[in-house]
Amino acid sequence: MGTRIIGTGSCLPETVVTNDDLAKIMDTSDEWISTRTGIRERHLAKDETTAGMSAEAARRAMENAGVTAQEIDLIIVGTVTADQVTPACACEVQAEIGADHAVAFDINAACSGFMFALHIAHAYLQTGVYRTALIIGAETLSKIMDWSDRSTCVLFGDGAGAAVVRADGQPGGLLAFDQGTDGVKGRVLSCPNRSNNNPLVETSRELKYVHMDGQEVYKFAVTQVPASLQKTVEAAHLAMEDIDFYALHQANIRILQAVAKRLKVPEDRFPVSLDHCGNISAASVPILLDEMNRKGLLKPGMKIALAGFGGGLTWASAVLEW
Ligand code: ACO
């Protein structure tokens with residue numbers, strides 16, 4: 001029984017901020033950002049929220065799939081920037097779209113969040129517990145950036161992407177999957193939470209933002225991602241050249257180029273959205289997939305490899321027959 005993505009949707013905040021706009025408020029330049037990362041602009045939230053963008057992406061995915069909210073059994077949101085600790089973003093989405101029968105929860109696997117959600121949904125669908133799932137990657141990363149740290153804040157953006165996933169009796173769909181975690185190296189990309197402030201401890205009320213060792217993250221990505229993709233493509237009984245598109249987490253153009261080189265795959269099989277979106281963590285892969293879907297690039301029978309990688313450290317890849 002295949003687990004298939006039957007519809008996609010995405011939602012970006014209205015406000016676009018270019019590299020030149022950033023250069024007006026901090027010591028940076030379009031030249032520095034675009035040559036090192038490939039990013040030219042990103043969308044930043046003003047009134048938009050993680051849950052609001054998630055719900056809009058979900059509505060678009062359901063419309064694309066031709067399913068109603070009443071048919072959704074499961075909602076999983078991958079996010080590190082839910083609007084509050086509780087209720088979870090997925091619960092807010094359930095209420096907003098009226099998916100009355102759905103079970104809803106969030107997961108935190110940073111930039112691998114959408115991929116982990118896909119795998120969790122697959123496991124539920126294959127046991128027959130649920131038939132139709134809505135999986136979402138959504139972030140308002142601009143609220144956890146230190147806007148005085150030019151080495152991180154220029155890299156990220158806000159937005160949400162969603163997919164409707166269904167188990168059907170047809171062959172194909174999700175052919176193979178790989179996931180991994182390396183908690184020992186987790187500190188190379190971190191964002192501390194609030195401190196304990198109970199009466200027994202002294203606490204600092206200092207605000208904590210994202211901290212990244214960019215070079216360590218780069219090394220992790222360019223070794224772990226090709227290894228994971230190789231494993232997954234082999235498990236699907238395919239060769240690298242059989243894959244029509246490699247839709248990867250959009251962290252940095254140099255990472256995409258290095259992965260393409262290591263896999264000996266032409267760079268034009270790696271679609272790019274980071275130029276106009278920046279890095280949107282868990283939302284990167286579903287937004288990219290939705291852009292590809294709406295451009296008509298995805299044809300039935302095509303083989304698509306997906307990969308997410310990031311904080312945790314976490315990584316995941318999948319091969320799908322569209
Ligand atoms: N504008 C101008 N100058 C800058 C900026 C900026 N925005 N940011 C840093 N610099 C300066 C630094 O101050 C430093 O100056 P110095 O030499 O005078 O000290 C110089 O540029 C080099 O800084 P580095 O941090 O060493 O820059 P590096 O060449 O490593 O590039 C980058 C940084 C692009 C982040 C790189 O490490 C990289 O590609 N990392 C991959 C990881 C990544 O992309 N992470 C994204 C999020 S994580 C994820 O999604 C998995």
Side-chain angles (χ1 to χ4, degrees), residues 10 12 16-23 26 28-44 110-115 137 139 141-142 145 149-159 161 188-189 210 212-230 240 243-293 295 297 304-311 313-317:
S10 58
L12 293 166
V16 175
V17 177
T18 66
N19 292 345
D20 285 333
D21 293 334
L22 291 180
M26 65 185 75
T28 190
S29 65
D30 176 52
E31 198 271 333
W32 194 97
I33 302 169
S34 58
T35 54
R36 279 177 178 74
T37 69
I39 298 165
R40 297 196 170 274
E41 57 189 39
R42 73 287 293 142
H43 294 245
L44 297 185
C111 308
S112 311
F114 177 81
M115 298 298 300
E139 305 287 4
L141 293 171
S142 56
M145 288 300 131
D149 175 9
R150 63 179 181 170
S151 69
T152 52
C153 69
V154 302
L155 305 173
F156 296 92
D158 301 330
V188 304
L189 179 51
V210 166
M212 180 181 72
D213 180 337
Q215 283 161 18
E216 283 303 315
V217 173
Y218 181 87
K219 279 189 238 160
F220 151 70
V222 301
T223 48
Q224 203 62 65
V225 177
S228 178
L229 281 166
Q230 235 148 5
M240 289 299 156
I243 303 297
D244 296 282
F245 289 111
Y246 289 82
L248 267 52
H249 167 51
Q250 301 284 297
N252 186 309
I253 196 75
R254 288 179 170 178
I255 294 177
L256 300 183
Q257 290 164 341
V259 173
K261 197 170 168 195
R262 286 196 184 205
L263 295 178
K264 300 190 175 57
V265 170
E267 274 176 33
D268 62 8
R269 294 209 190 171
F270 287 70
V272 172
S273 62
L274 59 82
D275 56 338
H276 58 279
C277 289
N279 177 347
I280 323 182
S281 190
S284 278
V285 171
I287 290 173
L288 179 65
L289 208 52
D290 185 48
E291 287 189 0
M292 294 165 70
N293 193 16
K295 282 182 195 156
L297 295 177
I304 318 293
L306 308 177
F309 50 93
L313 296 171
T314 56
W315 63 92
S317 63

Quick check against the 3.5 Å criterion: does R36 have a side-chain atom that pairs as donor or acceptor with the backbone of N252? no
Run the side-chain contact (heavy atoms from CB on, under 4.5 Å) check on L12 and I280 step by step: do they pass? CA-CA 10 Å; L12 293 166; I280 323 182; 3.9 Å; yes
With side chains defined as the heavy atoms from C-beta onward, is the minimum distance between Y246 and V265 less than 4.5 Å? yes
Heavy-atom check, side chain of D30 versus side chain of R40, under 4.5 Å: yes
If you take all heavy atoms of A221 and V259, which pair is closest and at what distance? O-CG2, 4.4 Å
Return yes when atom CZ of R269 has more than 12 non-hydrogen atoms of other residues, nucleotides or ligands closer than 6.0 Å, and no otherwise. yes
Is a side-chain donor or acceptor of E139 paired with a backbone partner of A283 at a separation under 3.5 angstrom? no
How many angstroms lie between atom CG of L306 and atom CZ of F245, to the nearest 0.5 angstrom? 12.5 Å
Hey, what do you get for NE2 (H276) to CD (E291), rounding to the nearest 0.5 Å? 3.5 Å
Would you confirm whether S228, through its side chain, and V225, through its main-chain N or O, come within 3.5 Å as a donor-acceptor pair? no
Counting N and O atoms only, with roles assigned by atom type, does the side chain of N19 sit under 3.5 Å from a partner on the main chain of I39, one being a donor and the other an acceptor? yes
Within-4.5 Å side-chain heavy-atom neighbours: F309 and I255: yes
Hey, does the side chain of S142 reach the backbone of L44 with a donor-acceptor pair shorter than 3.5 angstrom? no
Taking side chain as C-beta onward, heavy atoms only, is H43 less than 4.5 Å from D158? no
Which heavy atom in G310 sits nearest to a heavy atom in L189, and how many Å separate them? C-CD2, 4.2 Å
Assess whether side-chain contact (heavy atoms from CB on, under 4.5 Å) is satisfied between R42 and L22, documenting all intermediate values. CA-CA 10 Å; R42 73 287 293 142; L22 291 180; 3.6 Å; yes
Scanning both residues in full, the closest heavy-atom pair of R262 with T223 reads NH1-CG2, 3.5 Å
How far apart are the closest heavy atoms of S281 and A110, and which atoms are they? OG-C, 3.4 Å
With rounding to the nearest 0.5 angstrom, report the OG1 to CG distance, T28 to D21. 12.0 Å
Approximate separation, where rounding is to 0.5 Å, of N279 CG and L274 CG: 8.0 Å
Heavy-atom closest pair (M145 atom, C153 atom, distance to 0.1 Å) is SD-CA, 4.0 Å
With no hydrogens and no angle check, is any side-chain donor or acceptor of S29 less than 3.5 Å from a backbone partner on W32? yes
Less than 4.5 Å apart, any side-chain heavy atom of L256 and any of E267? no
Whether Q250 side chain and L248 backbone form a donor-acceptor pair below 3.5 Å: yes
Can you tell me how far apart CE (M292) and CD1 (I287) are? Round to the nearest 0.5 Å. 14.0 Å
From W315 CH2 over to M115 CE, what is the distance, rounded to the nearest 0.5 angstrom? 14.0 Å
Nearest heavy-atom pair of D290 and S10: which atoms, and what distance? OD2-OG, 2.7 Å
